[in-house]
Amino acid sequence: MAFDKDIHAVLLAAGQSTRMGQKNKLLLKINGIPLVRRSAINILNSNVVSLTVVTGFDEDKIVDALSGLNVNFVKNVNFREGLSSSLKAGLANITPSPSAVIICLADMPKIQPEHINRLIENFDPLTGWEICIPTSNGKRGNPVLIGSRFFPHIFETSGDFGAKHVMKQHPDKIVEVEIGTSDIHFDIDTQDEYENFITSGI
């Protein structure tokens with residue numbers, strides 16, 4: 001028995017990037033392209049059906065940085081309440097409800113379309129594989145794919161935790177997908193990390 005892999009993506013781009021200081025890290029340029037745009041393009045080049053971008057802090061600038069891309073925008077007016085508020089805002093605006101969503105963080109410039117596609121390939125609710133987590137050398141990373149059956153649990157969360165509690169509650173539904181690269185662990189939080197990244201021959 002086959003099923004339709006109607007899998008969408010949510011890109012969380014509402015944060016204040018406080019560790020970066022005065023700059024919004026998602027607007028920093030990488031090879032002339034804003035970080036948030038680079039992340040969105042990589043997602044759009046994967047096999048997801050659609051991409052919803054959750055905005056909040058610097059909303060107008062984030063929207064402008066993504067101009068011309070085929071994305072849906074959702075504003076999280078409660079973005080100061082943490083990551084879970086943005087995730088809930090994104091999930092609530094995907095209609096009709098997809099079979100699964102890939103939760104993507106906008107500050108991870110090394111995530112490639114093939115990483116996302118590997119998660120999609122491994123999603124199989126018929127065998128109980130409903131939460132797909134990328135790993136490298138046994139260490140879990142991002143993005144994470146969550147089956148729609150768990151969306152109600154996510155709507156019960158608060159704070160800066162995203163879908164972590166769902167993973168803790170349903171370890172038997174998790175499939176770890178070995179990606180073979182530490183790119184799934186890399187994000188940009190500080191000015192030093194940004195400068196090291198752009199000088200590393202990307």
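Side-chain atoms are counted along with the backbone in the values below, which use heavy atoms only and exclude waters and symmetry mates.
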> Which atom pair, heavy atoms only, marks the closest approach of P143 to P134?
Replying inline: O-CD, 2.8 Å
> Under 3.5 Å, side chain of R38 to main-chain N/O of I33, donor-acceptor pair present?
Replying inline: no
> Taking side chain as C-beta onward, heavy atoms only, is V101 less than 4.5 Å from L91?
Replying inline: yes
> Out of curiosity, I179 CD1 to T135 OG1, how far, rounded to the nearest 0.5 Å?
Replying inline: 7.0 Å
Return a table of donor-acceptor pairs under 3.5 angstrom between the side chains of residues 58-69 and protein atoms on other chains or two or more places apart.
{"unit_1": "D58", "atom_1": "OD2", "unit_2": "N24", "atom_2": "ND2", "d": "3.1"}
{"unit_1": "E59", "atom_1": "OE1", "unit_2": "K75", "atom_2": "NZ", "d": "3.3"}
{"unit_1": "S67", "atom_1": "OG", "unit_2": "D64", "atom_2": "O", "d": "3.2"}

>> Please determine whether residues F73 and V48 belong to a single hydrophobic cluster, defined as Ile, Leu, Val, Met, Phe, Trp and Tyr linked transitively by side-chain heavy-atom distances below 4.5 Å.
In response: yes
> Atom CG in L28, atom CG in L35: separation rounded to 0.5 Å?
Replying inline: 7.0 Å
>> Testing the basics here: between N117 and N47, what is the closest heavy-atom pair and its distance to 0.1 Å?
In response: OD1-N, 2.8 Å
> Which value, rounded to the nearest 0.5 Å, describes the distance between I198 atom CD1 and I30 atom CD1?
Replying inline: 8.0 Å
> Partners of H185 by side-chain contact (heavy atoms from CB on, under 4.5 Å), sequence neighbours excluded?
Replying inline: S136, K139, S182
> Quick one: CG on L12 to OG on S39, what's the gap to the nearest 0.5 Å?
Replying inline: 11.0 Å
> Which residues pass the side-chain hydrogen bond (donor to acceptor under 3.5 Å, both in side chains) test with Q112, sequence neighbours left out?
Replying inline: none
> Taking all atoms of both residues into account, what is the closest heavy-atom pair of P113 and N42, and its distance?
Replying inline: CG-O, 3.3 Å
>> Hydrophobic cluster membership, with links at side-chain heavy-atom distances under 4.5 Å among I/L/V/M/F/W/Y: are V74 and F57 in one?
In response: no
>> If I compare all heavy atoms of E178 with all of G180, which pair ends up nearest, and what's the gap?
In response: OE2-N, 3.0 Å
>> Within the structure provided, determine whether P98 and D6 are in side-chain contact (heavy-atom separation under 4.5 Å).
In response: yes
>> Donor-acceptor pair, distance only, cut-off 3.5 Å: does the side chain of S85 make one with the backbone of N78?
In response: yes
>> Would you compute the distance between atom CZ of R149 and atom NE2 of H170 and round it to the nearest 0.5 angstrom?
In response: 6.5 Å
> Shared ILVMFWY cluster between I103 and I120, side chains joined below 4.5 angstrom?
Replying inline: yes
> Checking K25 side chain against D107 main chain: does a donor-acceptor pair fall under 3.5 Å?
Replying inline: no
>> Just so I know, are the side chains of M167 and V144 near enough to count as touching, which here means a heavy-atom distance under 4.5 Å?
In response: yes
>> Looking at every non-hydrogen atom in both residues, tell me the closest pair between I188 and F197 and how far apart they are.
In response: CD1-CD2, 3.8 Å
>> Give me the atom names and distance for the closest heavy-atom approach of W129 to F123.
In response: O-CD1, 3.5 Å
> Testing I43, L11, L145 for side chain to side chain contact (heavy atoms under 4.5 Å, CB included) with I102, which one passes?
Replying inline: L145
> Do the non-hydrogen side-chain atoms of I7 and S99 ever get within less than 4.5 Å of each other?
Replying inline: yes
>> Taking atom CG as the centre, does N137 end up with more than 12 heavy-atom neighbours from other residues, nucleotides or ligands that are less than 6.0 angstrom away?
In response: no
> In Å and rounded to the nearest 0.5 Å, what is the CD1 to OG distance from I41 to S46?
Replying inline: 12.5 Å
